[in-house]
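Written out below as structure tokens is the structure these notes cover.
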Amino acid sequence: MTIRRTTALAAAATVLSLTALTGCNDDAPSAAPAPAAPPATTPAATPTTPDAAPTSAPTSAPTSAPASGPAAASASAPASAPAEAPAGGVIDPEQALAQAARTPYAASQDFRTEGGPLVATTTGRINLNGKVRTGRLTESLGAGGGSAGDPVVVTEDATYVKSGSGWRKSPLGDRIADYHGYAKALLALGPAARKGMEEQNGAPAFHLSGTLDLEKMRAVDAEHYLNLKRMGVTSFQLDQWIDAQGRTVRFDQRVEIRGTATRTYGTFRDFGPVEPVPAPN
């Protein structure tokens, strides 16, 4: 089995995606080893139950690109003002998510996947909540996540990965996860998933947390869903923080894969209007 690069992942996915360390893809080196044991660097503050969820971002998930990771693939739009909580100081997550569904936006992401000898990072600028999720990313995979990384461009109809001096084009896939869909799945768990107001990066946010059945991932991250299903995963733990406009500001997903604890986590920042993403030259 080869190791698949982060898809947001992108999570970061991202970002997005736990499949950086678990799936199979032609982008990954065939000689890379499968995850063996959880990394010693995984922050101890990672919640194992909803009550233990941290109220601030983990120190290992900086709000800017990690020093050892790649820089974002495109310039960020001017940062918008932090979303403020409505009168009364409490965000209504249902209303916030409904607002976000009507208003596509761009954000910078910094994501990291840990769960064995290799670390995957995804940084960049992505468009979310539109008809198609697009963006410019840099993905790296290696010990400590310190490799130079591969530029990736996701347009409305294809995905391009830098290969040598040129670009390799492939059909549009699920390289960027539907974080809005993840938040809705958590909200559907009922009152127990609503952990309340917390501060994230100096701004108010609403914390959602719970254990989701893997089938809930099918509609929001289909490629990642298939990779985890092949490996016998049936559920995963997710903590997600949204602001007053329903935008995800922090994401923390944990799953056990064949005895190895794997974690994908990161932050979103510098929100702004949707940005054009043309195909690379």
Side-chain angles (χ1 to χ4, degrees), residues 3-23 25-29 32 35 39 41-42 57-58 60-76 106-116 118-128 133-155 159-163 168 170 172-179 182 217 220-221 223-224 227-228 238 240 248-255 262-270 275 277 280:
I3 297 178
R4 188 186 188 283
R5 290 188 182 276
T6 317
T7 62
L9 255 171
T14 324
V15 185
L16 158 182
S17 167
L18 293 176
T19 54
L21 298 180
T22 61
N25 188 288
D26 292 340
D27 293 344
T41 56
T42 300
S60 57
T63 55
S64 59
S68 61
S74 64
S76 300
S108 296
Q109 73 164 66
D110 300 295
F111 264 60
R112 188 176 180 92
T113 296
E114 300 171 344
L118 299 179
V119 173
T121 62
T122 302
T123 62
R125 187 82 178 160
I126 59 177
N127 293 318
L128 295 170
R133 297 181 294 278
T134 61
R136 298 180 181 87
L137 305 166
T138 300
E139 300 176 350
S140 68
L141 180 67
S147 62
D150 297 323
V152 176
V153 176
V154 182
T155 68
T159 297
Y160 300 83
V161 179
K162 191 68 176 293
S163 179
R168 185 175 70 257
S170 61
L172 184 65
D174 292 312
R175 202 129 196 154
I176 302 174
D178 178 9
Y179 296 101
Y182 273 117
M217 188 186 287
V220 300
D221 209 347
E223 189 174 355
H224 184 21
N227 281 315
L228 291 182
L238 178 62
Q240 191 167 350
T248 297
V249 295
R250 182 180 163 202
F251 187 89
D252 195 332
Q253 183 182 49
R254 283 94 62 206
V255 64
T262 305
R263 180 186 181 205
T264 293
Y265 61 95
T267 58
F268 296 93
R269 56 186 171 80
D270 298 341
E275 301 167 11
V277 183

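Nothing here was measured: the structure is a model prediction, and the numbers come from that model. Side chains are part of it too, since the values below use all heavy atoms of this structure and drop only hydrogens, waters and symmetry mates.
A distance of 11.5 Å separates CG in Leu118 from OG1 in Thr113, rounded to the nearest 0.5 Å. Rounded to the nearest 0.5 Å, atoms OG1 (Thr138) and CG (Asp150) are 8.5 Å apart. Expressed to the nearest 0.5 Å, how far CG of Asp252 lies from CD of Gln240 amounts to 10.5 Å. Tyr265 contributes atom OH, which lies 11.0 Å from atom CZ of Phe111 (distance to the nearest 0.5 angstrom). From Arg112, atom CZ reaches atom OG1 of Thr122 across 11.0 Å, with rounding to the nearest 0.5 Å.
Residues passing the side-chain hydrogen bond (donor to acceptor under 3.5 Å, both in side chains) test with Thr155, sequence neighbours excluded: Asp157.
For Ala177 against Asp221, the heavy-atom pair with the smallest separation is CB-OD2, 3.5 Å. In plain terms, the two heavy atoms of Gly135 and Ile176 that are nearest each other are N-CD1, 3.9 Å. Taking every heavy atom of both residues into account, Arg133 and Val220 meet most closely at NH2-O, 4.2 Å. The heavy-atom pair separating Asp270 from Arg125 by the smallest distance is O-NH1, 2.6 Å. Heavy atoms only, all atoms of each residue included: Arg136 and Val277 are closest at NH2-CA, 3.7 Å. Closest non-hydrogen pair, Met217 versus Leu228, comes out as CE-CD1, 3.9 Å.
Thr121 and Ser140 are linked by a side-chain donor-acceptor pair at a separation below 3.5 angstrom, with hydrogens and angles left out of the test.
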| task | Evaluate side chain to side chain contact (heavy atoms under 4.5 Å, CB included) for Leu128 paired with Phe268, printing each intermediate quantity in order. | result | CA-CA 11 Å; Leu128 295 170; Phe268 296 93; 4.3 Å; yes
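No donor-acceptor pair under 3.5 Å is formed between the side chain of Asp110 and the backbone N or O of Thr267.
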